Amino acid sequence: MRWLNGGPGTRAGTRAYFRQCMEQWAAGGPLRAFGVRVGSQAALAGTIDLRFEMPGLAPGQVNIAYGVYPAWRGQGLATRAVNLVCRYAAAEGATQAVIQVDPENPASAAVAHRSGFTCITRVPEGNGTRFDWYVRDICADRRRRTTP
């Protein structure tokens with residue numbers, strides 16, 4: 001949890017986040033949040049967010065953040081979700097995807113690598129934390145979707 005948002009969430013914080021996500025979808029805003037669902041019962045196994053605008057992103061870049069709940073880890077779900085949202089982001093006009101990984105989170109770095117991302121730099125944040133930036137060009141994802 002520390003890598004995603006600094007610690008455990010609260011009911012009020014979760015409600016506020018869901019409200020923000022619904023507002024962003026309704027307005028066509030820069031945040032698009034998805035649930036990662038599994039099985040015939042469509043159990044919620046995690047989440048993945050796209051941010052088409054945020055500090056540090058260049059025009060055409062989209063940030064991807066993901067989390068898979070402990071019971072569902074190790075099954076390739078995060079990698080599949082990243083590949084799917086890259087296709088979605090490309091269809092929405094993004095040209096490059098970015099995943100920011102805490103250097104102490106090797107599992108997240110492994111997802112980035114398995115999804116075809118390359119680590120290009122380590123960026124220090126104002127609060128003393130640092131993130132490795134993994135990038136992947138996703139223009140090909142757009143062409144693949146439209147080519148028979």
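What's counted below: heavy atoms across the whole structure, side chains too, no hydrogens, waters or symmetry copies. We number each residue from 1, following the sequence as shown. This one's a predicted model, so the numbers in the text were calculated from it and none came from an experiment.
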Exercise. May I have the step-by-step check of side-chain hydrogen bond (donor to acceptor under 3.5 Å, both in side chains) for Tyr66 and Ser108, ending in yes or no?
Key: CA-CA 9 Å; Tyr66 46 84; Ser108 190; 2.9 Å; yes

Q | Sub-4.5 Å side-chain heavy-atom contact between Val62 and Leu57 | A | no

Besides Leu31, the hydrophobic cluster formed by Ile, Leu, Val, Met, Phe, Trp and Tyr side chains linked at under 4.5 Å, directly or via other members, contains Tyr17, Phe18

Those residues at least two apart in sequence (or on a different chain) that pass ring-ring contact (aromatic ring centres under 6.0 Å, His included) with Trp25 are Phe34

| side chain to side chain contact (heavy atoms under 4.5 Å, CB included) assessment of Val38 paired with Trp72 | CA-CA 9 Å; Val38 186; Trp72 298 101; 3.6 Å; yes

For residues 12-40, the salt bridge (charged side-chain N to carboxylate O under 4.0 Å, His left out) pairs (sequence neighbours left out) are Arg32-Glu92

- Task: Report yes if the side chains of Ile64 and Tyr134 come closer than 4.5 Å at any heavy-atom pair, otherwise no.
- Result: no

- Task: Side-chain contact test, heavy atoms from C-beta onward, threshold under 4.5 Å: evaluate it for Cys21 versus Gln24 and give yes or no.
- Result: no

Separation between OG (Ser115) and CZ (Arg80), nearest 0.5 Å, reads 11.5 Å

The side chain to side chain contact (heavy atoms under 4.5 Å, CB included) partner of Val85 among Val36, Ile138, Leu50, Asp49 is Leu50

(message) Between Pro103 and Arg130, is there a side-chain heavy-atom distance shorter than 4.5 Å?
(response) yes

CG of Asn105 to CD of Gln100, rounded to nearest 0.5 Å, is 13.0 Å

Heavy-atom closest pair (Phe131 atom, Asp102 atom, distance to 0.1 Å) is CD2-N, 3.6 Å

ask   = Should Asn83 and Arg136 count as side-chain neighbours, where that means a heavy-atom distance under 4.5 Å?
value = yes

Open item on the list: Any heavy-atom pair between the side chains of Phe52 and Gln61 that's under 4.5 Å?
Closed with: no

To the nearest 0.5 Å, atom CD1 of Ile99 lies from atom CG of Asp132 at 12.0 Å

Side-chain contact test, heavy atoms from C-beta onward, threshold under 4.5 Å: evaluate it for Val82 versus Val111 and give yes or no.
yes

Are Leu77 and Leu84 grouped together when hydrophobic residues (ILVMFWY) are joined by side-chain heavy atoms under 4.5 angstrom apart? no

